[in-house]
Enquirer: 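My questions all concern the structure below.
Every chain is numbered from 1, with letters handed out A, B, ... down the list of sequences.
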Protein chains: 2
Amino acid sequence: MKKVTMADVAKKANVSKSTVSQFLNKRYQYMGEETKRNIEEAIKELGYQPNFIARSLKQKRTSTIGIIVANIMHRLSTEVSRAIEDFCRSNEINTIVCNADDDPIKEKKYIEMLRAKQVDGLIIFPTGKNQELYKNMVDQQYPLVFMDRIVSDVKVDTVVVKNEEWASRGIQHLIDNGHERIAMIAPPLTISPRIERAEGYKKTLRKNGIDLNPHYFISTEIGTVKKELARLLAGDKPPTAIFAANDLAFLQVAEYVKEKAIQVPEELSIIVFDNIPFAHISTPTITTIAQPSFEMGKKAAELLLLQIEGEGTKPRIYAFDGDLIIRESSESKKA
Amino acid sequence: MKKVTMADVAKKANVSKSTVSQFLNKRYQYMGEETKRNIEEAIKELGYQPNFIARSLKQKRTSTIGIIVANIMHRLSTEVSRAIEDFCRSNEINTIVCNADDDPIKEKKYIEMLRAKQVDGLIIFPTGKNQELYKNMVDQQYPLVFMDRIVSDVKVDTVVVKNEEWASRGIQHLIDNGHERIAMIAPPLTISPRIERAEGYKKTLRKNGIDLNPHYFISTEIGTVKKELARLLAGDKPPTAIFAANDLAFLQVAEYVKEKAIQVPEELSIIVFDNIPFAHISTPTITTIAQPSFEMGKKAAELLLLQIEGEGTKPRIYAFDGDLIIRESSESKKA
DNA sequence: TTGTATGCGTTATCAG
DNA sequence: CTGATAACGCATACAA
């Protein structure tokens, strides 16, 4: 169990530590063939494994980045993380994923923890509630990329989807299918994507000459969505279509619809803004506004690595197009 | 941007590094009130953050463990990882999750990478194909726990579900509902859970006096499941029920059923061995054999931490009970 | 082509 | 109660 170190290898191979070090770093341009073989052998026999920690301490570089997702239960988080990991792996850098659970306190703890671990940079789905901390990192020029959410006042490379535009397209699709009483269900409007999606919803209704009915706009904690929904659908003029602002909101809607045996889309059309893994196999299949999570993750990783290499450019926002995938849950009323 | 170190704090507070170190490690039993205040102040003013890497190097302990999941697309992996993380966090230890993608090469790479990073222990969903490496760790008494899969010949704490028993219960349920032509769809039988589930399937049929029809037993790569399924269902005596051996197999079945508009359960009953997040809201709802992923993850983490503390006991297998959750997809034929 | 010396930021040991 | 000083395992000038 005794840890074998470079010194052990050096002794066994009858060379000095530095020679072994050079060998490990593939700087054997001027190294004797025999020395090389000796070292190789010693390493094999002793089962030597380099100590990354020690190397990091010396090099001031851990070849590791951190990802702090807002909520691991969001499909987007896992897809984006996966893309980031893939990209990083191909660049020989490791990733540590943490889940802030939409909690600013946890987010802060993780940021501090990861920085204490000397990760070379951070990709964050920001809660938006730790402005000071964010600014701090920016001031220190610490490599940082925001994902999914824009935090105004913090000048950082940010990767998002064009929320307003694609929400708008979804709503237009419903209107084109003859709907006028369209409800939107969203978690509290605390972060930019939700606000932008709500904007898209409202603007599109107005543009089509449809009055906004405040009762049709539900923004509440996930836990109370079903209750609100019940009230809404039991009301006077219940909506004929629902726009779920994200996957978690949709799940609540889906559960409710299931419990009450509501016919979709006959009695109620549904579209969702988010990637839903089973959208194409559920009954009915679900109309979604998908986000290019893979491209977004890759972009974020690229931006971060550039910053780490000191080649970062002026911070800007990278907005990606979504994709409206029309399926059964929003089939035309007229059909 | 300049990193501020303990030395800076010490200078500013007019004490030595060691004193600062003691302060940070809360060993201020005998520390002067004033010294304490001075240090505190210096830390605040300089914005000092301890360097975990340096500490780890010295202490030979990183307070970090690694998790290597076989396939991140399996729901079980994410649930178990989540449970492990939660447990570890409450014990002040961090986790790094890696995805081996069912690839022994990647698994090997990750094991080596994580060990190079000096993680204090490893929880692995083993591919089973790196026996030498596993044995190596066991010999070195490196803290190690296997999850979900038993690797015979490697004596290691292992956390699993009682696969054979619960597969058996699922099959019995189908038989009780009047089915005799029951097919099983599984990925290749390369790892213990699949083998055990197949055992449960076969034994239960035999016990009920039902002949095994080899055509009903499909074990093939995920990519070819649908093709096999098509052949099976187009055959002479198509099965009336399907037992999907895991979530990925089920997804293929679900896609096929959707494409061909097969009525479930009227034309075909379906049960799945795995946790399916949307089982209760799909139409029809899906009968599943659920695994207690949270308990399993917690158990694995506990076992690993014990080993790390040097309090590990003789390695054994911890087998958990599953749960047969009967839903619409397997409703009685007789009803 | 290889060896020596030094330092990375901590913690541990032991004097003072 | 506090301060030197020596590790931890490796990388890097620089010397040889």
Enquirer: How close or far is atom P of dT11(C) from atom CD1 of Ile53(B), stated in whole angstroms?
Expert: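 Atom CD1 in Ile53(B) sits about 13 Å away from atom P in dT11(C).
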Enquirer: If you count the non-hydrogen atoms of other residues, nucleotides and ligands that lie under 6.0 Å from CE in Met113(A), is the total more than 12?
Expert: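 Correct, the count exceeds 12.
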Enquirer: Please find the pair of heavy atoms, one from Asp8(B) and one from Lys3(B), that lie closest to each other, and give the distance.
Expert: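 Asp8(B) and Lys3(B) have their closest heavy atoms at OD2-O, 3.9 Å.
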Enquirer: To the nearest 10 degrees, what angle separates the axes at the start and end of the helix from dT1(C)-dA16(D) to dG16(C)-dC1(D), five pairs each?
Expert: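 Roughly 40° between the end axes, to the nearest 10°.
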Enquirer: Does Asn25(B) make a side-chain N or O approach to OP1 or OP2 of dT11(C) shorter than 4.0 Å?
Expert: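 Checking dT11(C) against Asn25(B), a side-chain N or O does come within under 4.0 Å of OP1 or OP2.
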Enquirer: Would one find a side-chain N or O of Lys60(A) under 4.0 angstrom from OP1 or OP2 of dG9(C)?
Expert: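 For dG9(C), OP1 or OP2 has a side-chain N or O of Lys60(A) closer than 4.0 Å.
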Enquirer: Output the rounded distance in Å from CD1 (Ile39(B)) to P (dC1(D)).
Expert: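 Answer to the nearest Å: 14 Å.
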Enquirer: For the residue pair Ile93(A) and Asp120(A), establish whether any side-chain heavy-atom pair is separated by less than 4.5 Å.
Expert: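 They are not in contact (no side-chain heavy atoms under 4.5 Å apart), so the answer is no.
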Enquirer: Indicate, with a heavy-atom threshold strictly under 4.0 Å, whether Val15(B) touches base, sugar-phosphate, or nothing.
Expert: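 Result for Val15(B) = sugar-phosphate.
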Enquirer: How many whole angstroms separate atom NZ of Lys36(B) from atom P of dT2(D)?
Expert: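 Nearest whole value for this atom pair: 10 Å.
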Enquirer: Please confirm whether the shortest side-chain N or O distance from Thr19(B) to OP1 or OP2 of dT2(D) is below 4.0 Å.
Expert: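 No.
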Enquirer: Given atom NZ of Lys11(A) and atom C1' of dG3(C), what is their separation to the nearest angstrom?
Expert: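 Roughly 16 Å, once rounded to whole Å.
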Enquirer: Need one value for Met6(B): base, sugar-phosphate or nothing, where a base atom within 4.0 Å counts as base even if backbone is also close, heavy atoms only.
Expert: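 Result for Met6(B) = base.
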Enquirer: Tell me which nucleotide among dA11(D), dT10(C), dA4(D) gets nearest to the side chain of Thr5(B).
Expert: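 Nearest to the side-chain atoms of Thr5(B), counting from C-beta on, is dT10(C).
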Enquirer: Can you tell me how far C1' of dC8(D) sits from CD of Gln59(B), to the nearest Å?
Expert: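 Whole-Å distance recorded here is 11 Å.
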Enquirer: Before accepting this row, confirm whether a basic side-chain N of the pair Glu112(B)/Lys108(B) lies closer than 4.0 Å to the acidic partner's carboxylate O.
Expert: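 Yes.
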Enquirer: Could you walk me through whether Lys298(B) and Glu302(B) pass salt bridge (Lys or Arg N to Asp or Glu O under 4.0 Å), step by step?
Expert: CA-CA 6 Å; Lys298(B) 180 154 180 266; Glu302(B) 282 171 358; 3.5 Å; yes
Enquirer: From C-beta outward on Tyr48(B), which listed nucleotide comes closest to its side chain: dT10(C), dG9(D), dA13(D)?
Expert: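 Closest nucleotide among those given: dT10(C).
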Enquirer: At less than 3.5 Å, do the side-chain atoms of Ser18(A) and the base atoms of dT4(C) form a donor-acceptor pair?
Expert: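 Per atom types, the contact qualifies.
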Enquirer: Test Val80(B) against every option in Met147(B), His74(B), Glu85(B) by the side-chain contact (heavy atoms from CB on, under 4.5 Å) rule and name the one that passes.
Expert: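 Looking at Met147(B), His74(B), Glu85(B), the match for Val80(B) under the side-chain contact (heavy atoms from CB on, under 4.5 Å) is Met147(B).
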Enquirer: Any donor-acceptor pair under 3.5 Å joining the side chain of Lys17(B) to the base of dT10(C)?
Expert: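 Pair found.
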Enquirer: Among dT11(C), dG3(C), dA11(D), find the nucleotide with the atom closest to the side chain of Ser21(B).
Expert: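 Of dT11(C), dG3(C), dA11(D), dT11(C) is nearest to the side chain of Ser21(B).
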Enquirer: Where the side chain of Thr35(A) is concerned, which of dA12(C), dT2(C), dC10(D) is the nearest nucleotide?
Expert: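 Of dA12(C), dT2(C), dC10(D), dT2(C) is nearest to the side chain of Thr35(A).
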Enquirer: Restricting to non-hydrogen atoms, name the atom on Ile84(B) and the atom on Gly297(B) that form the minimum distance, rounded to 0.1 Å.
Expert: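 Distance-wise, the nearest heavy atoms are CG1-O, 3.5 Å.
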Enquirer: Roughly how many Å is it from CD in Gln22(A) to C1' in dG3(C), rounded to a whole number?
Expert: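 Rounding to the nearest Å, CD of Gln22(A) and C1' of dG3(C) are 10 Å apart.
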Enquirer: Any side-chain N or O of Ser16(B) under 4.0 Å from OP1/OP2 of dG3(D)?
Expert: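 It does, given that an N or O in the side chain of Ser16(B) lies less than 4.0 Å from OP1 or OP2 of dG3(D).
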Enquirer: Distance check: side-chain N/O of Lys58(A) vs OP1/OP2 of dT6(C), anything under 4.0 Å?
Expert: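 For Lys58(A), the contact criterion (side-chain N or O under 4.0 Å from OP1 or OP2 of dT6(C)) is not met.
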Enquirer: Nearest-nucleotide wise, let me know which of Asn14(B) and Leu57(B) is further upstream toward the 5' end of DNA chain D.
Expert: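 Nearest-nucleotide comparison on DNA chain D picks Asn14(B).
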Enquirer: Rounded to the Å, how far apart are Gln49(B) CD and dT10(C) P?
Expert: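 Result: 11 Å.
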Enquirer: Looking at Lys299(B) and Asp157(B), is any side-chain nitrogen of the basic one under 4.0 Å from a carboxylate oxygen of the acidic one?
Expert: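 Looking at Asp157(B) and Lys299(B), the cut-off is not met.
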Enquirer: Phe52(B) has an atom CZ; how far is it from atom P of dC8(C), in whole Å?
Expert: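 So the CZ-P distance, Phe52(B) to dC8(C), works out to 21 Å.
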